[in-house]
Amino acid sequence: MAILGRRPEAAGPAHTVVAEPDVTVDVQLNAQRLFDDGARDRDERRQELGRDLVSAAYLRGDFVLSSGMRSSFYFDKYLFETKPGILRRVSNLLAEEIPPGIDRIAGTELGAVALAVALSLEMGLPFVIARKAPKGYSTSRAVEGELYPGERVVVVEDVISTGAQAILAANRLKEAGGEVVKVVAVIDREQGGLPAIAAAGYECSALFSLSELGL
Amino acid sequence: MSAQSTTHDGIWELLAAGGVTPEGDGPAPYRPLRAPSAATELVARFAKVAREAGADLVLVWDDLDQIVLGQLLAAQLGVGVARAYDADGLVAIRDDAPLEGRVLLVTDALRDPRTLAAMRGIVELRGSTVAGIAVLVATDELREAAGDAPLHALVEWGQRAGGAG
């Protein structure tokens with residue numbers, strides 16, 4: 001049985017999708033994949049997931065990133081986070097990046113919330129949502145959900161560029177009483193984000209770098 | 001880079017009505033809603049500085065205080081206002097007024113260099129021209145972030161009376 005889906009519109013300026021996302025999901029094959037996932041080699045699963053991420057979410061065009069940088073490409077996280085077949089495999093691999101003894105997952109609004117939910121379900125851990133506060137004087141709560149003093153938290157991010165948003169979220173979680181143990185991301189754009197996060201005092205890793213994705 | 005400023009007579013008092021005092025390591029956020037009359041008077045003086053940019057449009061970051069500041073200034077300049085915002089990693093524009101012509105970036109002070117860079121980037125991406133950056137309180141960090149864009153500052157943080165300089 002085949003289920004056909006439609007590719008959603010992405011926000012921002014005009015763009016082109018480099019490759020058509022995998023919109024045809026063969027349910028039987030997917031079920032078999034899931035069954036086999038535990039036994040398959042991690043590298044093989046990573047490679048397959050990397051190809052699917054590029055196929056689903058890599059856009060070419062002329063973009064201005066929130067960091068202010070111009071870019072000829074953009075990873076639209078919503079194009080992979082909204083596909084359960086991809087999201088499930090992302091969270092499965094992200095779970096392997098989580099150190100032992102973690103109390104809570106944290107996802108930054110809005111893009112990483114779906115990742116936090118998926119990872120929360122994957123690992124059976126509760127999660128919180130870290131709000132953005134780009135001006136530093138937002139009146140909204142910094143952290144939505146329950147976070148208790150001293151809890152060991154992992155921040156999950158979708159795409160890391162400069163790392164500024166992840167650092168901001170980690171700092172706000174720290175201010176809220178959490179101990180940020182690590183920042184894990186799906187894609188590192190290799191624009192200084194991981195070193196910046198490390199320099200801010202947080203361990204960090206990403207499932208994929210751009211070069212690993214062949215971009 | 002150019003920078004113009006008016007005389008400081010009374011300006012710090014007007015700024016203080018909106019929460020910006022000369023004390024501290026840097027300017028606090030300006031909150032025009034705290035004292036609308038003072039804000040109107042302050043922006044009338046701000047407009048004398050900003051008018052030199054010859055802008056067709058004011059662009060602000062999509063934040064309430066910045067919007068109010070931009071609205072007051074745009075009214076003085078007789079131009080429209082557009083808002084830039086972070087659309088989950090991409091900079092986008094709420095097209096209240098079309099982003100075209102000479103665009104003046106307006107802010108109270110430097111909150112985040114990325115925000116200023118993002119506003120510049122989206123103006124250039126749309127094929128418009130950055131007419132300059134109009135700021136209530138200029139700092140060294142803002143000058144650095146402004147790069148070669150003409151700077152129109154109401155006051156300089158380093159020249160405040162009673163400040164560290």
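Protein chains get the first letters and strands the later ones, always in sequence-line order, with residue 1 at the start of each. For clarity, every value in this text was computed on a predicted model and none was experimentally measured.
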Heavy-atom pair of closest approach, residues Arg114(B) and Ala164(A):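 Minimum heavy-atom separation between Arg114(B) and Ala164(A): NH1-CB, 3.0 Å.
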
Closest non-hydrogen atom pair, Gly121(B) against Arg70(A)
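For Gly121(B) versus Arg70(A), the nearest heavy atoms are O-NH1, 3.9 Å.
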
*Point-to-point distance, once rounded to the nearest 0.5 Å, from OG of Ser67(A) to CG of Asp112(B)*: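 Atom-to-atom, Ser67(A):OG and Asp112(B):CG are 10.0 Å apart.
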
**Prompt:** Excluding sequence neighbours, so at least two apart, what forms side-chain contact (heavy atoms from CB on, under 4.5 Å) with Val143(A)?
**Reply:**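 Val128(A), Leu147(A), Leu173(A), Ala176(A).
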
Practice item. Check the surroundings of atom CG in Asp43(A): do more than 12 heavy atoms from other residues, nucleotides or ligands lie under 6.0 Å from it? Key: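 Counting other residues, nucleotides and ligands, CG of Asp43(A) exceeds 12 neighbours.
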
For residues Leu65(A) and Leu90(B), determine if any side-chain heavy atom of one lies less than 4.5 Å from a side-chain heavy atom of the other. yes

